[in-house]
Amino acid sequence: MDFELRRAREKLEREQQDRKERAKAKLEREKRAKEESRKLRDAHEAVQRSRRLDAMDAQQKAEQQMQESLLVGKGVVFYRILEAVPCHGAGDKIKLPPSTFTELSDQGAFDKGPMYFRLSVVQQEGPSDIGSEEKEGARTIHCGVLEFTAPEGSVGLPPHVWNNLFGADYQTSVMTPLVEVRYVSLPKGAYAKLQPMGFGFLDLPNHKAILETSLRQHATLSQGDIFTVNYGELAYKLKVLELKPSSTVSVLETDIEVDIVSSDSAMERTNQPVLIPLKFGTSESGVVEEGHYVYYKFVLDNDVFCIISSGGAQLVVRVESETNDGDTDLYLSKHPLIFPTMHQHGWSSHDVGSKALVLGSKDDSLGAATYSIGVYGFKGTTKYQVSVAVEDNAKRTVGQQNTSISSSMEMDTAECRNCKRHIPSRTIALHEAYCSRHNTVCHHEGCGVVLRIEEAKDHVHCSRCGQAFHQGEMEKHMKIFHEPLKCPCGVVLEKEQMVEHQASACPLRLISCRFCGDMVPAGSYATDMQDKLRGLSEHESICGSRTAPCDSCGRYIRLKDMDIHQIAVHPKN
């Protein structure tokens with residue numbers, strides 16, 4: 001009996017213990033559930049609070065950006081994110097899609113004068129914000145607008161804008177770049193400090209006028225920009241170091257004081273040619289490789305030219321070659337043609353070995369000016385010495401040859417049947433016997449040169465032009481004068497025709513504009529028939545469309561109509 005009661009009591013105690021443990025576990029579960037619910041509620045409230053704060057920040061930022069856009073754009077608010085595509089063109093004027101024309105027109109942007117835009121690279125690695133100029137590494141540039149013909153959703157960037165925004169080596173094969181286009185208002189520029197990125201730009205004659213012509217293709221300048229100035233086939237890069245009154249200015253319809261500082265001595269040399277100064281009476285040593293040019297310059301002033309033009313002296317340019325297995329050519333030009341080549345030059349010498357150009361009073365092209373010498377490596381690597389000198393003619397005996405001829409005519413003479421020279425009659429038989437054994441006459445039509453018999457085998461004539469040469473000079477003559485040359489404009493001619501073509505007919509030849517005075521490519525004929533009849537080039541037709549006030553009445557007249565205006569309105573003047 002006691003045993004049963006004990007078992008019943010133990011069973012009851014175990015059941016009571018189990019109920020207590022289950023109740024305790026239930027309380028623990030409820031406590032954990034409440035804790036998790038509280039954490040979830042707190043997290044949800046934190047997310048909601050963060051969203052409200054972000055929305056408030058975004059609204060404040062949008063309002064701030066709107067105020068900044070109104071201030072920067074002077075009441076015009078315009079920005080878009082567009083795909084950047086390269087396009088052809090000079091300067092910094094971009095192409096926008098047609099829809100932007102309507103948006104800008106509705107805000108009266110066209111009534112505020114020239115339009116300017118700020119382009120910023122949109123970082124595509126993560127979420128981007130409008131107005132992300134503040135992002136580290138973002139590039140910006142300012143520009144004008146050329147036309148509204150770009151495809152929708154894209155903006156056409158000319159090489160200048162593309163290179164300054166992305167870099168010349170940027171590849172679009174992986175991802176199309178995105179740029180933010182924002183309308184801005186810019187102050188007119190008053191001062192600019194520029195530095196050439198290489199050597200040679202300051203050698204250009206009237207380089208500031210050339211720079212002015214190049215800047216007409218630009219609407220803006222920004223500090224740090226690098227832009228290109230073209231002069232014929234040559235291209236020079238300049239960097240903007242400083243601008244006033246702002247770091248970005250407008251260059252349209254304004255006069256800017258330009259200060260060009262010399263290139264840094266540590267700057268890496270480019271492939272552009274450089275003019276080495278050359279003094280009269282001194283020689284400079286150099287080495288030229290085959291197919292390359294080395295250039296020099298010298299100045300012929302008025303005093304020296306007067307002596308040459310009077311016949312008292314002559315200008316002599318010499319190149320003495322020092323390498324036997326190499327050869328050079330000598331080219332000379334008068335500025336504004338500053339870099340003479342085999343295509344373009346004023347004078348040339350193609351003698352084998354040493355060579356000289358002798359210019360005197362009978363040369364109409366000679367004058368007081370700056371001249372350039374081009375030493376061209378025709379064959380191999382050649383060491384040479386180049387010099388320029390003014391040699392006096394006073395020591396020469398004037399009229400000596402004429403006196404000799406007249407004296408011989410007064411004597412009793414006879415003509416040698418071999419060499420055609422006039423020989424005294426008393427010795428003509430002896431002379432002809434000697435002459436026929438040792439001399440021979442070239443029978444080529446129009447030549448008749450008397451040669452020693454041992455020299456006759458090396459005396460040859462060009463089969464194409466008939467000129468006489470030494471056998472060793474024929475190969476060089478054929479290569480220089482009769483090998484077809486291709487002009488950069490596409491025309492293929494021989495040397496003499498090529499020189500004439502590039503001097504008078506090539507659209508890429510440099511001419512002096514009658515309106516701006518700059519040396520510019522002639523281009524094709526003017527598209528306007530009236531300008532074409534006036535003989536204006538393509539550049540002059542455009543340049544002459546600029547207006548200037550008349551000195552007599554103050555009215556603004558197109559430059560190309562100024563002479564007609566003076567005759568029609570102010571005939572007395």
For the atom pair [atom1] ([X]) and [atom2] ([Y]), what is the distance rounded to the nearest 0.5 Å?
X      : Y      : atom1 : atom2 : result
Asp531 : Glu538 : CG    : CD    : 11.5 Å
Tyr191 : Glu242 : OH    : CD    : 5.0 Å
Lys560 : Ile542 : NZ    : CD1   : 9.0 Å
Phe101 : Met115 : CZ    : CE    : 8.0 Å
Ile94  : Phe148 : CD1   : CZ    : 8.5 Å
Arg558 : His565 : CZ    : NE2   : 13.0 Å

When the aromatic ring centroids of [X] and [Y] are compared, is their separation below 6.0 Å?
X      : Y      : answer
Phe298 : Tyr296 : no
Phe78  : Tyr183 : no
Phe339 : Tyr293 : no

Would you name the heavy atoms of [X] and [Y] that are closest together and state the gap between them?
X      : Y      : result
Lys112 : Val76  : CE-CG2, 3.5 Å
Ile256 : Ser250 : CD1-O, 4.4 Å
Cys550 : Ile557 : CB-CG1, 4.5 Å
Arg216 : Cys543 : NH1-SG, 4.2 Å
Phe166 : Val121 : CE2-CG2, 4.0 Å
Val145 : Lys93  : C-CB, 4.0 Å

Can you find a heavy atom in the side chain of [X] that is under 4.5 Å from one in the side chain of [Y]?
X      : Y      : result
Gln530 : Leu533 : no
Tyr331 : Thr341 : no
Lys188 : Pro245 : no
Thr228 : Tyr236 : no
Pro158 : Asp92  : no
Leu211 : Ile260 : yes
Leu275 : Ser372 : yes
Leu119 : Val161 : yes

More than 12 heavy atoms of other residues, nucleotides or ligands under 6.0 Å from [atom1] of [X]: yes or no?
X      : atom1 : answer
Asp301 : CG    : yes
Lys239 : NZ    : no
Arg555 : CZ    : no
Asp551 : CG    : no

Would Leu186 and Val249 count as a side-chain contact (heavy atoms from CB on, under 4.5 Å) here? Give the steps. CA-CA 6 Å; Leu186 298 178; Val249 297; over 6 Å; no

In terms of side-chain heavy atoms, does [X] have a donor or acceptor partner in [Y] at a distance below 3.5 Å?
X      : Y      : value
Tyr116 : Ser185 : no
Thr248 : Ser222 : yes
Asp329 : Ser348 : no

Pair Val317, Leu330 - check side-chain contact (heavy atoms from CB on, under 4.5 Å), show working. CA-CA 9 Å; Val317 180; Leu330 174 61; 4.2 Å; yes

Please step through side chain to side chain donor-acceptor pair (under 3.5 Å) for the pair Ser99 and Glu152, ending with a clear verdict. CA-CA 7 Å; Ser99 59; Glu152 288 296 336; 2.8 Å; yes

Step by step, work out the side-chain contact (heavy atoms from CB on, under 4.5 Å) result for Tyr371 and Val299. CA-CA 6 Å; Tyr371 292 81; Val299 179; over 6 Å; no

Is a side-chain N or O of [X] found less than 3.5 angstrom from the main chain of [Y], in a donor-acceptor match?
X      : Y      : result
Ser545 : Ser541 : yes
Ser154 : Ala84  : no
Asp225 : Asn164 : no
Asp363 : Leu359 : no
Glu83  : Pro177 : no
Thr100 : Pro97  : yes

Using 30° and 60° as the class limits, which term best fits the ring planes of His218 and His160: parallel, tilted or perpendicular? perpendicular

Between Arg534 and Asp563, does any NZ, NE, NH1 or NH2 come within less than 4.0 Å of an OD or OE carboxylate oxygen?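 The answer is no: the pair does not qualify as a salt bridge.
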
Ionic contact status for Glu180 with Arg118, cut-off 4.0 Å: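 Salt bridge between Arg118 and Glu180, a charged N being under 4.0 Å from a carboxylate O: no.
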
Take Glu540 and Phe515 through the test side-chain contact (heavy atoms from CB on, under 4.5 Å) and record every step on the way to the result. CA-CA 7 Å; Glu540 289 175 329; Phe515 301 115; 4.0 Å; yes

